[in-house]
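Along the sequence shown, the residues carry numbers beginning at 1. Computed from a prediction, not measured in an experiment: that's the story for all the values here.
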Amino acid sequence: MSACEPRAEETQEDTRPNIILIMADDMGFSDLGCYGGEIQTPNLDRLAASGLRFNRFYNTSRCCPTRASLLTGLYNHQAGVGGMTTETGQEGYRGHLVESSVTIAEVLKEAGYHTGMTGKWHVSNTVVQEDADEQLAWLNHQTFHPIFSPLEQYPVNRGFEKYYGNIWGVVDFFDPFSLVNGTEAVKEVPENYYHTDAITDSATAYIRAFSQDEQPFFLYVAHTAPHWPLQALPEDIEKYEDTYTVGWDAIREARYQRMVEKGIIDSTKYPLSSRWKDELTWEDNPHKEWDARAMAVHAAMIDRLDQGIGRIVETLETTGELENTLILFLSDNGASPEDCMRYGPGFDRPSMTRSGEEIAYPVDKSVMPGPQTTFTSIGERWANVSNTPFQYWKMESYEGGINTPMIAYWPKGITANQGKLVPQVGHVMDFMTTFIEMAQVQYPEKYHDRQITPLQGISLLPIFKGEEREGHPVLFNEHMGARYVRTADWKQVSLDANSPWKLYRIREDGTEMNDLADQHPEVIRELDSLWQVWAKANHVLPKPANP
């Protein structure tokens, strides 16, 4: 071998793609500019214009269940997270990722990938203080307890080399609770801290570190925005100061028209559903100013998230990684109707800031949303607007709860027409299958001597190539009793386990407006039979425990 001839191992370049999976929290179907929204999301819009947008991509209707399904390639009950994060002892409702599941990070790490995560974990059992006063002091940063979940359930013990983020679900964006770096609790944050920016900063730092060698990387960026509390930076709120003063109907109708014009939906198959509680007009709304401000803060939170995605793309460009990186973006569920003001402090909601300022929960809407000293949320009517054109929202199995905007961008790997809208049905559990195919590895039957539940997802790669894939013949969901069964033609859905099934021709009635249950009892029986078989196999309880 001559002195200038490279060693054999130096010539074996790993050309497998990097993967970045970015998820928003409680973002509605129509919030993004590229999905018809008025919110300024130029960076995501550019990714969509050069990639693919899906309009029938499903989550599992709420934070924890979606994350469990996404991370494992299983239905969330199979992964142990049918409900939230309380350990119930019931097989499908363990509140953490069970040992019979394996995460994307665990599989890809063994395949030679770097693995990193920033942001919201929320798939581990919550450790709480038995004394209520001590719990509140902990939330208020007046006392310190370093363990937020069992350490063996932390991301770095489920396949991630690096992790910075919040273990629990709800955060004060200016001073988050349950913040950790690896397994070490972060005792305090710098002045002028904002969590969305910190999640981005950590993600870009990980990209720079991972790009130092030839190993590909997997990065999971799990934002907390725009989940309540409504807290944003003043300069971002200012952009939307007057945007929402026109009210619910005007914003919703404008979004719908843009969605039709952009080809995101077909108006004959997706008629605009009735606005939620439309007996109150905007003109007669006694809280117009407050409500307009609430939605402005929601928009500002998404705007800041999009700014961060721009920085991630810029980092990929400067490190030379962009061309062969798959970037996926979606939301964990539909927009949230929750009124966090009526909950008040407790469990995961503080009563004061670290410096002792009281935090307002203004049930009467007497304190404006936006700063750290308020815990507020957009409520049902704006959630309905965010989820245009659908009915319902987070937690429900109607389209407003489970249909997520999903963008795929990969310059080297997506050969379908740029900017194409994808009407094919996909599901968050498809990511695992897609990624292991990209990594050229097999899903394990066993992992560290543990028997692993067989994979449920189906690869998205044929769609990236512009092909029609053979998708899921049937999909199911259950959360807190809300449930659905979906085939290619039909969707059967109910709001809870005690409500009768509603039946829709989902291909022709994408907004679930025309219930055909009475006309087709035979379909109801057939789909209910499928539901019962699936529920039994997946440990779905008729009346799951409320965590």
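- When each of K120, H223, H227 is tested with D25 by the rule side chain to side chain donor-acceptor pair (under 3.5 Å), just one qualifies, namely K120.
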Subject >> Audit row: R304, D197, salt bridge (charged side-chain N to carboxylate O under 4.0 Å, His left out) steps and yes/no >> reply: CA-CA 8 Å; R304 178 60 58 159; D197 287 342; 3.3 Å; yes
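- The side chain to side chain donor-acceptor pair (under 3.5 Å) test with D306 is passed by exactly one of N43, T41, T196: N43.
- Looking only at atom types and distance, the side chain of T319 has no donor-acceptor partner in the side chain of E321 under 3.5 Å away.
- How far CD1 of I506 is from OG1 of T487: 9.5 Å, rounded to the nearest 0.5 Å.
- Between R469 and D430 a salt bridge is recorded (basic side-chain N to carboxylate O distance below 4.0 Å).
- Within the 4.5 Å cutoff, the side chain of D14 has no heavy atoms near those of the Y113 side chain.
- Considering CG of N55 and CD of Q424, their distance stands at 10.5 Å, rounded to 0.5 Å.
- Between R255 atom CZ and N387 atom CG the span is 9.0 Å, to the nearest 0.5 Å.
- Of the residues listed (Q456, H427, M432), the one engaging S69 in a side-chain contact (heavy atoms from CB on, under 4.5 Å) is H427, and it is the only one.
- In this structure, the separation between OH on Y409 and CD1 on I414 is 9.0 Å, given to the nearest 0.5 Å.
- Note: F210 and Y206 have tilted aromatic rings, judged against thresholds of 30 and 60 degrees for the angle between ring planes.
- Salt bridge status for D509 with K491: absent, with no side-chain N to carboxylate O gap under 4.0 Å.
- Remark: R67 is not positioned above the aromatic ring of W121, lacking an NZ or CZ atom under 6.0 angstrom from the ring centre and at most 45 degrees off the axis.
- Note that OG1 of T60 is 11.5 Å distant from CG of L475, once rounded to the nearest 0.5 Å.
- Between W534 and F476, the ring planes are parallel. Angles under 30° get that label, and only those over 60° would be called perpendicular.
- Classified by interplanar angle (parallel below 30°, tilted 30° to 60°, perpendicular above 60°), the ring pair H195/Y164 is tilted.
- More than 12 non-hydrogen atoms from other residues, nucleotides or ligands lie less than 6.0 angstrom from CD of Q451.
- In this structure, a donor-acceptor pair under 3.5 Å is absent between the side chains of N538 and E478.
- Between the side chains of T511 and S273, no donor-acceptor pair of N or O atoms lies under 3.5 Å.
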Run the salt bridge (charged side-chain N to carboxylate O under 4.0 Å, His left out) check on R158 and E106 step by step: do they pass? CA-CA 6 Å; R158 292 306 308 249; E106 287 169 329; 2.9 Å; yes
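- Exactly one residue among H298, K394, R62 makes a side chain to side chain donor-acceptor pair (under 3.5 Å) with D26. That residue is K394.
- With values rounded to the nearest 0.5 angstrom, N333 atom CG is found 10.0 Å from C64 atom SG.
- Using cut-offs of 30° and 60° on the angle between ring planes, the pair F464 and F54 is perpendicular.
- Contact check for I452 versus S100: no side-chain heavy atoms found under the 4.5 Å cut-off.
- Looking at T85 and N125, their side chains never bring a donor and an acceptor atom within 3.5 Å of each other.
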